[in-house]
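Below: one structure, written as structure tokens.
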Amino acid sequence: MDTSSQPHDSKASVGLAAAGLRLYDTADHQVTPFRPIEPGKVGIYVCGATVQSSPHIGHIRTTLAFDVIRRWLLRLGYQVTLIRNVTDIDDKILTKAAANGQRWWERAYIYEREFTHAYETMGVLPPTYEPRATGHIPEMIDLIQRIIDRGHAYVVPDEQGRPSGNVYFDVASWPEYGALTHQQTGTQPADEQAAANDRLGPSIDTDGQNTDADEEPGKRDPRDFALWKAPKPTDPPTARWQTPFGTGRPGWHLECSAMSHRYLGAEFDIHGGGLDLRFPHHENEMAQSHAAGWGFAHRWMHTAWVTQKGEKMSKSLGNGLSVDQVLSQHPAWVVRYALVSVQYRSMLEWSDQSLQEAQGAYERISNFVDRAGRILGAQPERDRVAGLGADNLPEDFVQAMNDDINVSGGLAALYALIRQANAAMDADPGALDRQWLANALLQVRAMLDVFGLDPLNPHWAGASADHDDRAMNTLDALVRQQLQERNQARKDHDFARADAIRDQLTAAGVAVADTPAGSTWDLSR
């Protein structure tokens, strides 16, 4: 992916629009003003993939949602540090690797590359850093010892009284447990939205099996969860580490607490992930990190699920769509539009209709960008598009995006400007304010870039840009020749011939507009 013309954190300067940003917090169930811990800077940790198998659209939706959130923060002028982890060891990876005759680390790397390829194909900005769980075992061991020393975890002894390798967080010792999801028993969500979501289906990462149930003997309370896990007899020697608590491997929840602390510090601005992770993963992360004495995340943001016909897209339901499958049938720009055009907290219904609408959006947008560029004789430079701050974007767009990333409102503002600009181009060319049109084109492309959808971004145009320009120039020459013949037919009062030429162009997808200054053409919108 070509990132040379993407927004860069190091050049950030917070603008006036940033003061209006309001974001939802899962823990508070409220949309509140966003104020970063350190002025001008935002730290984000997003739970990445458990690389057990190929990515599907449900995985990518979360990644794209936080890509848009990040892009908007950059437009507001913030310096953004985004950490997205890779879970490259857990029960599911070990089990599936053994079943397929693979080494666990081999399987993890195969699918890590698939996820990376999917991210790049879909135009996701690369994270500031992407740590792997297995690269941070020392930090995890230190964190476990810290929690034990503070009286909130215990080591289970084996039959000889030695450390068994099993270490559990002591939920009863932490009265604040449940602060994220407000669950008293650890089983029932308190808010209606969460309850409705939970009824739609199991987690995309469970495959219908709760492989992280932590039902091993020695737990003091059913709610206690594993910080460190003794190996199973089937676990290979390479999936075990020696620790003061015995031989074993990390618990899933522990990994993100250790890695977020390593790269973002004891407290940071936003922790994100899919709604699936709200409980138990993020609840347990919050508890163990606070019990360690860290401030941890100040705000929790969760993306809703992708659904098909009212059912959550999950492997256990058999309705998951792999990214490769979808991209083999639809352009990446279209797939990205379909996934980012719904606000991150809203369920996204995946259907042929949503993809058809996205295809229509591409044609409408690209036709406007091409037409305006032809009339002006040039496109704004990519650096200007990438560097246009929120203070210079339409007010209704800024208000929508500052309202908890309301992409529907943002797209409405985008299309309103496109309609206005199209109307101006349809009118008398002599009355066209070219400076206004140039600014409108710049703003449209900058707004599209907030969604990662600027059609002239080198990522989308790529090596085909020159080819597309040559094709458009050739088409322009052929259409203009037809229009000249039509004009001559009209002068000769051969209106049947003139109408036939116009009908031929219309059938080919070319819209002709007759103006006092002559005939113009455009691809049909």
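Values below: all heavy atoms of this structure, side chains included; hydrogens, waters and symmetry mates excluded. Just so you know, these numbers come straight off a predicted model, no measurement behind them.
Counting only heavy atoms from C-beta outward, the side chains of Thr307 and Glu349 approach each other to under 4.5 Å. A heavy-atom distance below 4.5 Å is found between the side chains of Arg75 and Leu388.
Interatomic distance, CG of Asp324 versus CG of Leu321, reported as 12.0 Å (0.5 Å rounding). Taking CD from Glu112 and CZ from Arg132, the interatomic distance works out to 4.0 Å, rounded to the nearest 0.5 Å. Summarising the geometry, atom CD1 belonging to Ile57 is positioned 5.0 Å from atom CG belonging to Leu339; distances are rounded to the nearest 0.5 Å.
Residues meeting the ring pair (Phe, Tyr, Trp, His ring centres under 6.0 Å) test with Tyr344, sequence neighbours left out: none. With sequence neighbours left out, Gln443 forms a side-chain hydrogen bond (donor to acceptor under 3.5 Å, both in side chains) with no residue at all. Residues meeting the side-chain hydrogen bond (donor to acceptor under 3.5 Å, both in side chains) test with Gln484, sequence neighbours left out: none.
Taking the six-membered ring where the residue is Trp, Trp300 and His302 present parallel rings, their angle staying beneath 30° rather than reaching 60°. Between Trp294 and His261, the ring planes are parallel. Angles under 30° get that label, and only those over 60° would be called perpendicular. Ring geometry for Tyr129 versus Tyr263: interplanar angle of 30 to 60°, hence tilted.
Of all the heavy atoms in Leu432 and Ile375, the pair that sits closest is CD2-CG2, 3.7 Å. Contact between Leu417 and Pro394 at its shortest, heavy atoms only, is CD2-CG, 4.3 Å.
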- Stepwise side chain to side chain donor-acceptor pair (under 3.5 Å) check, Glu395 with Gln399: CA-CA 6 Å; Glu395 183 178 354; Gln399 289 178 349; 3.1 Å; yes
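Using a 3.5 Å distance cut-off with no hydrogens or angles, the side chains of Glu267 and His298 do pair a donor with an acceptor. Side chain to side chain, Gln325 and Gln329 fail the donor-acceptor criterion of an N or O pair below 3.5 Å.
Between Arg374 and Asp370 there is no salt bridge, since none of the side-chain N atoms of the basic residue sits less than 4.0 Å from a carboxylate O of the acidic one. Ionic pairing of Asp454 and Arg445 is present here: one or more N-O contacts between side-chain nitrogen and carboxylate oxygen are shorter than 4.0 angstrom.
Between the side chain of His281 and the main chain of Arg278, no donor-acceptor pair closer than 3.5 Å is present. In this structure a side-chain-to-backbone donor-acceptor pair under 3.5 Å is present from Gln343 to Asp404. Looking only at distances, a side-chain donor or acceptor of Gln288 sits under 3.5 Å from a matching main-chain atom of His253. Using a distance-only test at 3.5 Å, with no hydrogens or angles considered, no donor-acceptor pair links the side chain of Asp25 to the main chain of Thr32. Using a distance-only test at 3.5 Å, with no hydrogens or angles considered, no donor-acceptor pair links the side chain of Arg382 to the main chain of Pro458. Here the side chain of Asp67 pairs no donor or acceptor atom with the backbone of Thr63 at under 3.5 angstrom.
With a 6.0 Å radius and a threshold of 12 heavy atoms from other residues, nucleotides or ligands, Ile37 has its CD1 atom above the threshold. The environment of CG in Asp433 is crowded: more than 12 heavy-atom neighbours from other residues, nucleotides or ligands sit within 6.0 Å.
Relative to the six-membered ring of Phe66, Arg84 misses at least one condition, a distance below 6.0 Å or an angle of at most 45° to the axis. In this structure, Arg419 fails the cation-pi test against Tyr415, since its NZ or CZ atom is not both closer than 6.0 Å to the six-membered ring centre and inside 45 degrees of the ring normal.
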